[in-house]
Amino acid sequence: MQCAMPWQYKHRTETMTMQPKALTIKELMTSPQQYIDQEVALSGWVRTARVSKNFGFIELNDGSMFKNLQLVFEDQLTNFADIAKVSIGTSLQVRGVFVKSLGANQPYEVKATGIDIVGMATPDNPIQKKRHTFEFLRTIPHLRLRTNTYMAVFRVRSLLAQAIHEFFQKQNFVYVHTPIITGIDAEGAGEMFHVSTIGAENYPRKPDGSLDESQELLGRQTYLTVSGQLAVEAFCMGFRNVYTFGPTFRAENSNTARHANEFWMIEPEIAFADLQDNMNLAEAMMKHLISYVLENAPDEMAFFNSFIDKGLLERLQGVLNAKFQTMTYTEAIDILQKSGEQFEYPTEWGQNLQTEHERYLAEKTFNGPVFVTDYPKSIKAFYMRMNDDQKTVRAMDLLVPGVGEIIGGSQREERFDLLVERMKEEGLPVEQYQWYLDIRKFGTFPHAGYGLGFERALMYMTGMKNIRDVIPYPRTPNNAMC
RNA sequence: UCCCGAGUAGCUCAAUCGGCAGAGCGGGUGGCUGUUAACCACUAGGUUGUAGGUUCAAGUCCUACCUCGGGAGCCA
């Protein structure tokens with residue numbers, strides 16, 4: 001049963017005797033039989049309008065679903081002349097009869113018996129009845145959400161977040177809110193934003209002239225987190241299977257279609273588990289995310305398939321049905337060397353895989369998601385578990401066509417002495433990591449985890465090519481609008 | 001940060017060899033009895049990213065800067 005939202009209640013009681021039931025377009029379209037030929041009340045925003053002398057059409061979107069509902073209005077309406085002039089974006093309250101449509105492009109429509117203009121949009125609305133470039137729409141993040149593409153993107157974004165929680169919660173994972181403000185100075189994940197309550201001018205100094213960070217509100221220099229992994233590892237030690245899902249900040253001056261300075265990351269950590277368990281989890285998760293989105297956003301996904309990326313649905317369906325491929329870094333280098341392909345960068349053991357190499361593996365060799373494992377220790381983080389060969393670590397990256405690296409993870413080094421040794425090799429301040437070393441001291445255990453780039457997953461699901469177009473208000477170099 | 005490319009009407013783009021600043025959409029006005037990015041007519045709309053330079057003459061050539069886009073690095 002439909003219930004009025006609290007904020008609608010006052011309005012409804014005032015007119016209760018005369019007013020038909022207030023519904024959303026989604027409610028109408030979900031059970032049309034229930035409402036057909038009945039009078040209904042709607043509210044929403046004008047997407048487009050086509051007007052003749054004595055009648056007109058308005059496509060109304062009320063945010064409840066991707067599709068619009070067509071309103072038909074005729075000159076019997078006392079305010080016909082005003083309604084005939086509605087501009088894109090104008091908000092309306094509508095009463096009318098829900099009927100089968102005479103037109104070909106929509107099954108149902110509403111024959112309006114009354115339309116009230118709630119808020120007229122002025123004619124200089126930058127969103128027009130025409131195709132806009134994503135570049136232009138990025139300059140108006142507060143308005144672009146009212147276009148088809150972004151409507152679809154941000155609803156799928158919401159659903160994808162839900163799908164992630166559902167996947168982990170159903171398996172009894174505990175969701176841990178790791179801190180956004182952190183005291184860990186770099187763990188190899190990148191440049192950090194400094195958090196300070198003190199202005200740069202007159203920053204207090206110690207007698208020796210160096211900055212006196214103890215004067216900070218938090219008593220020390222702090223940063224925005226670049227990863228919740230180290231903090232969540234401690235919770236893994238007690239809760240067994242855990243995950244973080246929250247905003248992450250990297251201060252790199254990256255200018256690419258797949259990097260942002262603020263993005264969201266999912267980081268599961270599983271106890272008594274090795275790299276294979278880790279990869280199994282990642283594969284099951286990716287498949288769950290895909291099937292959840294396909295099931296819960298069919299309109300949006302059909303839109304992406306038609307207008308953004310023609311092969312999208314076929315590709316995602318293929319991923320659901322295929323076992324993810326796995327190969328070691330050493331095997332990957334071998335394939336690349338024997339490929340006969342002319343790469344710009346050399347394919348030499350010990351060198352990092354370049355984007356062109358990753359794309360070749362994911363797009364040409366396998367044409368689907370592929371795990372690359374066991375990288376040379378020199379190109380991976382200090383906390384990854386050393387293999388017996390003493391040269392490689394138990395790392396894994398998941399590469400997907402179109403996006404590239406979407407997941408990076410590893411089995412963690414659980415052996416105290418080896419971990420300390422690696423930290424010293426990397427020149428890390430071991431004294432700052434005592435709490436992290438405690439995890440290896442007070443009951444160590446094999447464990448593994450990974451980081452999934454939420455926006456990269458969203459790009460993969462939707463076929464969108466630029467990370468700026470899957471974040472509501474993207475933060476990238478030179479851009480922090482709204 | 002590096003390498004390319006692009007900045008012209010609100011938006012998307014034209015403008016030939018350096019020679020009068022153009023169109024479609026959107027806006028405004030009028031017309032049209034079932035439209036689907038509706039259609040038809042008329043109309044307004046410009047410091048050509050910024051600052052210099054070359055030239056009789058610069059949207060067009062040169063220099064610097066800014067911004068955006070593509071690629072690369074860093075990574076998720």
Side-chain angles (χ1 to χ4, degrees), chain A residues 47-59 67-68 70-76 84-85 87-89 99 101-106 109 111 121-140 143 147-148 188-191 225-229 244-245 247-267 282 307 343-345 352-359 379-381 397-400 403-409 450-460 465-471 476-479:
Chain A
R47 272 305 180 73
T48 179
R50 298 173 287 275
V51 182
S52 293
K53 188 180 181 185
N54 301 317
F55 66 94
F57 302 92
I58 289 172
E59 288 193 36
K67 285 178 176 161
N68 304 323
Q70 176 165 281
L71 307 176
V72 190
F73 63 100
E74 295 177 344
D75 56 2
Q76 285 100 318
K85 279 191 256 182
S87 46
I88 292 182
V99 296
S101 177
L102 300 177
N105 288 14
Q106 60 283 320
E109 63 193 17
K111 270 213 182 287
T122 58
D124 53 344
N125 184 354
I127 304 292
Q128 299 173 3
K129 199 192 303 191
K130 74 188 284 288
R131 194 188 162 277
H132 290 292
T133 58
F134 293 146
E135 289 85 349
F136 170 66
L137 291 166
R138 277 173 214 150
T139 67
I140 43 171
L143 298 175
T147 63
N148 283 337
E191 294 298 312
T225 181
V226 293
S227 165
Q229 181 201 313
T244 73
F245 180 13
T248 308
F249 306 86
R250 305 270 167 97
E252 254 103 26
N253 186 12
S254 297
N255 292 282
T256 80
R258 59 188 188 286
H259 289 87
N261 295 302
E262 177 180 319
F263 62 99
W264 284 56
M265 188 155 63
I266 296 95
E267 296 171 291
F307 295 104
F343 293 112
E344 192 184 337
Y345 292 88
N352 222 327
L353 293 180
Q354 302 294 318
T355 296
E356 58 173 348
H357 304 142
E358 296 182 342
R359 291 192 61 158
I379 58 175
K380 287 293 179 185
D397 285 356
L398 179 64
L399 313 177
V400 297
V403 180
E405 185 180 340
I406 198 167
I407 282 175
Y450 59 82
L452 166 72
F454 181 61
E455 284 79 9
R456 289 188 182 177
L458 187 55
M459 289 166 73
Y460 186 60
K465 300 291 183 293
N466 195 309
I467 198 167
R468 297 168 181 85
D469 296 323
V470 298
I471 301 178
T476 52
N478 273 319
N479 177 33

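The figures that follow rest on heavy atoms only: side chains count, while hydrogens, waters and symmetry mates do not. Reminder, nothing fancy here: chain letters follow the sequence lines and each chain counts from 1.
- Its glycosidic angle being within 90° of 0, B:C17 falls on the syn side.
- No hydrogens or angles considered: a donor-acceptor pair under 3.5 Å links the side chains of A:Ser101 and A:Gln106.
- Here the P atom of nucleotide B:C11 and the CD1 atom of A:Ile140 are 10 Å apart, to the nearest Å.
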Protein N or O to nucleotides 41-45 of chain B N or O, pairs below 3.5 Å:
none

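- Rounded to an integer number of Å, the gap from A:Met459 CE to B:A76 C1' is 11 Å.
- Rounded to the nearest Å, the gap between the C1' atom of B:G49 and that of B:G34 is 46 Å.
- Inter-residue side-chain proximity for A:Tyr460 and A:Ile406 is flagged as met; some heavy-atom pair is nearer than 4.5 Å.
- Taking every heavy atom of both residues into account, A:Leu452 and A:Ala457 meet most closely at CD1-CB, 4.1 Å.
- Side chains of A:Glu358 and A:Val403 form no contact here, defined as non-hydrogen atoms less than 4.5 Å apart.
- Under the 4.5 Å side-chain criterion, counting only non-hydrogen atoms from C-beta, A:Arg250 is not in contact with A:Glu262.
- Rounded to whole Å, the distance from CD on A:Glu252 to P on B:C2 is 16 Å.
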Enumerate the protein-to-nucleotides 48-50 of chain B contacts in which both atoms are nitrogen or oxygen and the separation is below 3.5 Å.
none

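- Residues in residues 128-138 of chain A take part in these salt bridge (Lys or Arg N to Asp or Glu O under 4.0 Å) pairs, two or more places apart or across chains: A:Arg138-A:Asp469.
- Across the protein-nucleic acid pair, A:Glu358 atom CD and B:G73 atom C1' stand 12 Å apart, rounded to whole Å.
- The closest side-chain heavy-atom distance from A:Phe57 to A:Phe73 is not below 4.5 Å.
- Where A:Ile467 and A:Pro477 meet RNA chain B, the nucleotide closest to each residue was compared, and A:Pro477 sits on the side nearer the 5' end.
- Protein atom CG of A:Leu143 is 13 Å distant from nucleotide atom C1' of B:G10, rounded to whole Å.
- Distance check on atom C1': B:A14 versus B:G7 gives 15 Å, rounded to whole Å.
- Among all heavy-atom pairs drawn from A:Ile58 and A:Ala49, the shortest one is CG1-CB, 4.1 Å.
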Next on the checklist: Only Watson-Crick and G-U wobble pairs with both distances less than 3.5 Å should count. Give RNA chain B in dot-bracket notation, marking inter-strand partners with |.
Outcome noted: (((((((..((((.....[..)))).(((((.......))))).....(((((..]....))))))))))))....
Protein and nucleotides 5-8 of chain B: nitrogen or oxygen contacts under 3.5 angstrom:
none

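- Proximity of a side-chain donor or acceptor of A:His132 to a complementary backbone N or O of A:Thr147 within less than 3.5 Å is not detected.
- Between B:C2 and B:C61, the two C1' atoms lie 27 Å apart (nearest whole Å).
- Shortest non-hydrogen contact noted between A:Thr244 and A:Gly228 is CG2-O, 4.3 Å.
- A:Thr139 pairs by the side-chain contact (heavy atoms from CB on, under 4.5 Å) definition with A:Phe136, not counting sequence neighbours.
- With sequence neighbours left out, the salt bridge (charged side-chain N to carboxylate O under 4.0 Å, His left out) criterion links A:Glu109 to no other residue.
- B:U54 and B:A41 are spaced 47 Å apart, taking the C1' atom of each and rounding to whole Å.
- Every residue meeting the side-chain contact (heavy atoms from CB on, under 4.5 Å) condition with A:Lys67, not counting sequence neighbours, appears here in chain and number order: A:Met65, A:Asp299.
- Listed by chain and number, the residues in a salt bridge (charged side-chain N to carboxylate O under 4.0 Å, His left out) with A:Glu455 are A:Arg157 (sequence neighbours excluded).
- Counted by atom type alone, A:Gln70 and A:Arg47 present zero donor-acceptor pairs between their side chains at under 3.5 Å.
- If you measure from atom CD1 of A:Ile406 to atom P of B:C75, you get 17 Å, rounded to the nearest angstrom.
- Under the 4.5 Å side-chain criterion, counting only non-hydrogen atoms from C-beta, A:Glu267 is not in contact with A:Tyr450.
- Straight-line distance between the C1' atoms of B:A23 and B:A15: roughly 11 Å, to the nearest whole Å.
- For the C1' atom pair drawn from B:U60 and B:G27, the interatomic distance equals 30 Å after rounding to whole Å.
- Atom OG1 of A:Thr48 is separated from atom CD1 of A:Ile127 by 13.0 Å, given to the nearest 0.5 angstrom.
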Checklist outcome for this item: Scoring nucleotides 24-39 of chain B by protein non-hydrogen atoms under 4.0 Å (B base, S sugar-phosphate only, - none) yields BBSS----BBBBBBB-
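- Contact record, A:Gly409 with A:Asp397: N-OD1, 4.3 Å, taken as the closest heavy-atom pair.
- Distance check on atom P: B:C17 versus B:A51 gives 28 Å, rounded to whole Å.
- Checked against salt bridge (charged side-chain N to carboxylate O under 4.0 Å, His left out), A:Glu356 has no partners two or more places apart in sequence or in another chain.
- Atom name P, nucleotides B:U8 and B:U50: the rounded distance is 10 Å, in whole Å.
- A:His357 has its side chain out of reach of A:Thr355: every pair of non-hydrogen atoms, C-beta onward, lies at least 4.5 Å apart.
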Would you tabulate the pairs of protein nitrogen or oxygen atoms and nucleotide nitrogen or oxygen atoms of nucleotides 69-72 of chain B closer than 3.5 angstrom?
| from | atom 1 | to | atom 2 | distance (Å) |
| --- | --- | --- | --- | --- |
| B:G69 | OP1 | A:Arg138 | NH1 | 2.8 |
| B:G70 | OP1 | A:Asn466 | ND2 | 3.4 |
| B:A72 | O2' | A:Tyr345 | OH | 2.9 |
| B:A72 | N6 | A:Asn255 | O | 3.2 |

